[in-house]
Amino acid sequence: MTAPLVQSRFRVTGMDCASCAAKIEGTTLRIAGVAEAEVSVAAGTLVIRHAPDADLAPLAGRLSPMGYALAPLATGGGQRKAHDHGESCTGHDHAGHDHAGHDHTGHDHADHDHAEAGGHDHGAAPAAEGRWRSTGKARLTLLSGLALVAAFGVGTFVPAVQSWLYLAAMLVGLVPIARRAIAAAANGMPFTIEMLMTIAAAGAVVIGATEEAAAVVFLFLVGELLEGVAAGRARASIRALTALVPKTALVERDGATVEVPAASLVVGEVILVRPGDRISADGLIVAGESGIDESPVTGESVPVRKGPDATVFAGTVNGEAALRVRVTATAEDNTIARVVKLVEEAQEKRAPTERLIDRFSRYYTPGVVVVAALVAVIPPLLLSGAWDAWIYKGLAILLIGCPCALVISTPAAIAAGLSAGARRGLLLKGGAVLETAGKVTTVCFDKTGTLTAGKPQVTDVIAFAQPDAEVLRLAAALETGSSHPLAKAILDRAAADAIAIPPAEAAQALGGKGVSAQVEGREVFLGSPQAAAARAALSQEQADRIAALNDAGKTVSLLVADGAIAGAIAMRDEPRPDAPEGLAALKREGIRTVMLTGDNRRTAEAIGRQLGIEVRAELLPQDKLRIVGELQQEGAVVAKVGDGINDAPALAAADIGIAMGGGTDVALETADAAALHGRVKDVASMIALSRRTMGNIHQNIAISLGLKAVFLVTTIAGITGLWPAILADTGATVLVTLNALRLLSWGRE
């Protein structure tokens with residue numbers, strides 16, 4: 001029996017573009033026992049799935065000559081099962097349990113990165129990367145530039161040594177490039193940009209274009225440096241989220257409040273959050289009420305009022321009052337840490353367009369070499385062309401043909417799109433999901449907890465024999481102490497109306513009928529219309545009023561006091577405040593919306609009329625699955641939006657399953673995407689982000705191929721040479737990267 005594969009994760013520094021990723025991946029796959037290697041430029045990570053006995057030690061030595069440093073990311077897990085059993089961190093996890101080696105919850109045993117001394121990395125940039133000005137690439141670029149300036153200055157006054165000075169200036173930059181090219185060739189990858197650059201520069205020297213060769217090498221290094229800066233910006237954009245979580249917390253221990261590292265908090269502890277402080281952990285408010293500024297995480301500018309039992313997220317800012325918060329997640333499991341982890345994992349999964357371009361580039365680069373050779377050789381041999389002129393053109397074509405800009409066009413946009421979405425609470429698990437979201441034509445919503453708030457609210461208080469305030473006061477007296485959702489709705493309404501609730505005596509729950517008690521010496525009953533009608537006569541007008549409320553999908557309870565129908569209270573699970581706006585946004589984009597619910601038809605249709613959405617009600621989970629399949633057979637690209645539990649079959653069957661909710665494990669496990677903040681309008685935002693990203697990718701491809709086509713024609717025509725050729729390559733790469741980075745501002749515009 002074949003031993004299951006294990007997984008190891010590494011941090012890679014010195015990696016700036018998809019070309020780098022291809023070299024690292026190719027080198028890794030040549031190690032005996034390695035089955036798969038996935039490189040994320042955006043996350044700066046390498047994930048290897050390999051046999052348990054595979055020796056990965058030589059990998060760092062093979063990558064180092066190519067300019068890449070490797071550091072293992074040790075297995076974390078906080079309170080994970082492996083640690084509970086005293087197992088040591090090995091840097092490996094068993095990939096056989098999750099097929100692809102990724103746990104989509106963000107709770108893979110191998111996927112919590114620990115820094116030194118037990119601290120948590122969570123994707124923080126390693127110190128080795130530092131600021132771009134202090135990197136080896138920056139120093140090499142500066143040295144090459146100074147050598148070029150010196151060659152120009154001295155050569156102007158001493159023309160006899162000018163060509164030798166330019167040769168020396170060129171070698172300053174070319175020797176490290178050539179070393180990387182040779183190292184890549186030794187690892188089975190001869191067709192790299194470094195090899196093309198080395199051949200072009202050496203060829204330029206042979207034909208006497210030493211000055212141009214030195215300038216081209218310098219421009220190449222400048223382009224690489226700019227790529228590194230852009231890649232660092234993209235990488236930092238999502239990691240900046242981790243800086244939102246404070247390093248310390250005030251925790252209540254042994255009757256005192258002590259300051260401790262936030263990373264040491266455990267589930268169940270109670271922390272004190274002072275006014276103006278950032279909340280240091282995910283949790284539930286135990287005491288206090290305050291406005292919470294969630295803009296650092298959600299982008300919402302208006303603080304959200306929260307009180308006891310409300311959920312709060314790490315990194316958000318407490319407003320005007322002190323809060324006591326019970327911790328519900330450890331540092332490595334809080335919402336922000338999981339968002340960062342999920343985005344890094346998502347960036348490791350390639351989109352269909354990216355895979356297509358990768359396959360294309362494998363043939364494209366050798367093809368460019370062949371075309372360049374033919375351009376250099378055929379005109380002199382067959383058409384009596386000048387060898388110097390045509391070799392020069394062939395070398396320029398080598399530089400023009402480099403596929404860097406084309407290869408990075410998709411992953412750069414995907415990484416920026418995923419990061420921009422994550423900063424707005426929209427998690428998409430990979431490029432394929434981000435790509436598919438923009439193609440959605442039909443969105444199927446669950447009702448309860450998705451389109452609606454998930455709990456009943458009092459919608460109407462109707463006075464019959466008593467004023468409406470008295471009806472609510474007596475009803476609240478009967479329901480005090482009850483945990484039933486309808487009782488809580490009545491008590492919440494009484495609290496909102498600032499009604500003083502009198503005590504009830506001899507309270508008695510009557511199964512299936514209602515509740516009765518003595519309130520201020522009066523016999524009071526609250527229950528269903530049928531049970532109330534058995535205690536007091538119901539007029540036709542009252543019966544008609546109740547029927548109208550039922551037709552609107554509302555549950556009606558009647559209050560009987562002193563032997564008469566005192567009034568009625570109607571309740572319903574009301575739509576989320578943002579649901580009309582969210583559905584309208586989808587309809588403006590020409591997207592069909594359908595409600596799929598197991599609720600009764602009358603209630604569902606009443607909500608559907610209010611929201612203007614097509615309704616299919618009284619459905620079992622298998623019915624929802626069937627309807628999703630039928631829509632797909634009709635040619636629709638279907639997104640299913642639900643809570644991630646009872647909608648699991650339909651979520652899995654849809655082209656995209658979107659879980660609604662506040663970052664729960666279930667929401668993140670079940671679906672392809674999650675709207676962490678539970679807003680209906682987030683679905684439209686997700687689709688808009690996808691379309692924006694795909695538009696950006698198409699722009700990038702047009703930029704990279706368009707510039708190459710223009711300079712290919714002008715080079716063969718003799719209009720442009722080596723300098724414009726290298727500008728066409730590095731310029732296109734930088735333009736494509738900067739264009740992709742524009743996506744990071746999405747949602748702030």
Side-chain angles (χ1 to χ4, degrees), residues 3 5-75 88-93 95 101 110 113-116 121 125-130 132 134-141 143 171-198 221 224-225 227-228 231-232 235 348 404:
L5 296 176
V6 295
Q7 175 173 291
S8 298
R9 295 183 80 240
F10 297 87
R11 178 76 65 199
V12 185
T13 53
M15 174 173 59
D16 300 327
C17 66
S19 175
C20 299
K23 283 179 281 189
I24 293 166
E25 186 177 308
T27 302
T28 305
L29 291 172
R30 290 174 69 86
I31 299 285
V34 171
E36 295 177 48
E38 288 185 6
V39 181
S40 170
V41 177
T45 57
L46 166 64
V47 178
I48 307 173
R49 280 175 286 282
H50 55 90
D53 58 351
D55 182 12
L56 302 182
L59 182 58
R62 294 188 186 184
L63 291 176
S64 181
M66 289 187 275
Y68 310 116
L70 206 63
L73 290 174
T75 306
S88 63
C89 295
T90 64
H92 299 226
D93 76 323
D113 312 341
H114 280 230
E116 296 286 338
D121 179 359
E129 288 194 31
W132 67 268
S134 62
T135 62
K137 283 187 178 181
R139 289 192 294 271
L140 179 60
T141 304
L143 192 60
L171 289 174
V172 168
L174 187 63
V175 168
I177 295 170
R179 282 185 62 231
R180 282 151 51 192
I182 293 166
N187 284 291
M189 291 164 290
F191 297 109
T192 61
I193 176 57
E194 288 84 1
M195 184 61 78
L196 299 185
M197 186 69 230
T198 302
L221 292 173
E224 275 203 327
L225 183 62
E227 286 174 26
R235 216 170 278 152
E348 289 166 4
C404 279

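Numbers here are sequence positions counted from 1. Since this is a predicted model, take the numbers as computed values, not measurements.
Judged as a side-chain contact (heavy atoms from CB on, under 4.5 Å), and not counting sequence neighbours, the contacts of A69 are T13. Scored by the side-chain contact (heavy atoms from CB on, under 4.5 Å) test, L70 finds F10, V12, L46, L59, A60, L63 as partners (sequence neighbours excluded). Applying the side-chain contact (heavy atoms from CB on, under 4.5 Å) rule to L143 yields the partners V172; only residues at least two apart in sequence or on another chain are considered. Considering only residues two or more places apart in sequence or on other chains, R180 meets the side-chain hydrogen bond (donor to acceptor under 3.5 Å, both in side chains) condition with E194, E224.
Checked by atom type and distance alone, the side chain of R9 never pairs as donor or acceptor with a backbone atom of V47 at under 3.5 Å.
To the nearest 0.5 angstrom, I31 atom CD1 is 4.0 Å from R62 atom CZ. Note that CZ of R139 is 13.5 Å distant from CG of L221, once rounded to the nearest 0.5 Å. Here the straight-line distance linking atom CD of E38 with atom CD1 of I48 works out to 11.0 Å at 0.5 Å rounding. The structure places CD of E36 at 7.0 Å from CG of L5, a figure rounded to the nearest 0.5 Å.
Side-chain contact check for K23 versus N187: every heavy-atom pair is 4.5 Å or farther apart. Considering only heavy atoms from C-beta on, S8 comes within 4.5 Å of H50 through its side chain. Within the 4.5 Å cutoff, the side chain of L174 has heavy atoms near those of the T198 side chain.
Of all heavy-atom pairs between A37 and T28, the closest is CB-CG2, 3.8 Å. Taking each heavy atom of L29 and A35 in turn, the nearest pair found is CD2-O, 4.1 Å. Between M66 and A183, the closest heavy-atom pair is CG-CB, 3.6 Å.
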